[in-house]
Amino acid sequence: MQLRIGNGYDIHRLVAGRPLILGGQQLDHPDGLGLDGHSDADVLVHAIMDALLGALSLGDIGKYFPPDDPQWKGSDSLVLLEQVVALVRERGWSVVNVDSVVVAERPKLKPHIEAMRAAIAARMDLDADQVGVKATTNEKLGAEGREEGISCHAVALLQKG
Ligand code: MG
């Protein structure tokens, strides 16, 4: 059996007038902020996609879904995730698990974690216990701490054979 590990990271700016979508869930920010981006700016799903692509050295999501390509404008990132998982499976690999941590001061993510895990697992055709989603604040430090943005780190383990 072969194993591969991949690492993914993403950050998007918090701005007014945009929805806040994380793990496919639309959340309410106390100041009405949302994540800016060409797609739905779902940093959690983007970091997971980059971890999956990274595990097979397939590049990053910008290569498959270029931000200057109008066809991905406003994209549901879960749909893009399905495409990335298909790419992985086409090459004969399966996903053992993914794990992630979202760095956000607000809103409280804990009430939404199970829904995020379920939504991501469903699109990846995995069980929810193969999808780890954790959340932390940045203790008011740095860009995330000042609520200039929300970031996410993810890892993915793949197996073949
Ligand atoms: Mg992104």
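Sequential numbering from 1 along the given sequence is applied to the chain's residues.
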Q) Can you tell me how far the NE2 atom of His12 sits from the NE2 atom of His38, to the nearest 0.5 Å? A) 11.5 Å
Q | Check: Asp36 main-chain N/O paired with Arg13 side-chain donor or acceptor under 3.5 Å | A | no
Q. Once you round to the nearest 0.5 Å, how far does CG of Leu126 lie from OG of Ser94?
A. 9.0 Å
Q: Identify the heavy atoms of Glu147 and Leu14 that sit nearest to each other, and give their distance.
A: O-CD1, 3.5 Å
**Q.** Minimum-distance pair of heavy atoms, taken over all atoms of Gly23 and Ile120
**A.** CA-CD1, 4.1 Å
**Q.** Identified side-chain contact (heavy atoms from CB on, under 4.5 Å) counterpart of Ile150 within the set Ile11, Val43, Asp42, Asp10
**A.** Val43
Q.
Nearest 0.5 angstrom please: Leu27 CG to Leu33 CG, how far?
A. 12.5 Å
**Q.** Leu109 with Tyr9, same ILVMFWY side-chain cluster at under 4.5 Å
**A.** no
Q: Give a yes or no answer on whether the side chain of Glu105 reaches the backbone of Glu139 with a donor-acceptor pair at less than 3.5 Å.
A: yes
Q) Is there a donor-acceptor contact under 3.5 Å from the side chain of Asp60 to the main chain of Gly62? A) yes
Q) Same hydrophobic cluster for Leu157 and Leu53, using side-chain heavy-atom links shorter than 4.5 Å among ILVMFWY? A) no
Q.
For residues Met49 and Val155: do they belong to one hydrophobic cluster (side chain heavy atoms under 4.5 Å, members Ile, Leu, Val, Met, Phe, Trp, Tyr)?
A. no
Q.
Hydrophobic clustering (ILVMFWY, side-chain heavy atoms < 4.5 Å, transitive) - are Val102 and Met124 grouped together?
A. yes
Q) Taking a hydrophobic cluster as the set of Ile, Leu, Val, Met, Phe, Trp and Tyr residues connected by side-chain heavy atoms closer than 4.5 Å, whether directly or through intermediates, do Ile61 and Trp72 fall within one such cluster? A) yes
(Q) Is it the case that over 12 heavy atoms from other parts of the model lie below 6.0 angstrom from the NZ atom of Lys73? (A) no
Q.
Has Ser100 got a side-chain atom pairing as donor or acceptor with Gly132's backbone, closer than 3.5 angstrom?
A. yes
Q) If you take all heavy atoms of Met1 and Gly161, which pair is closest and at what distance? A) CG-O, 3.8 Å
Q) So with a 6.0 Å cut-off around CD of Gln71, is the heavy-atom count from everything else above 12? A) yes
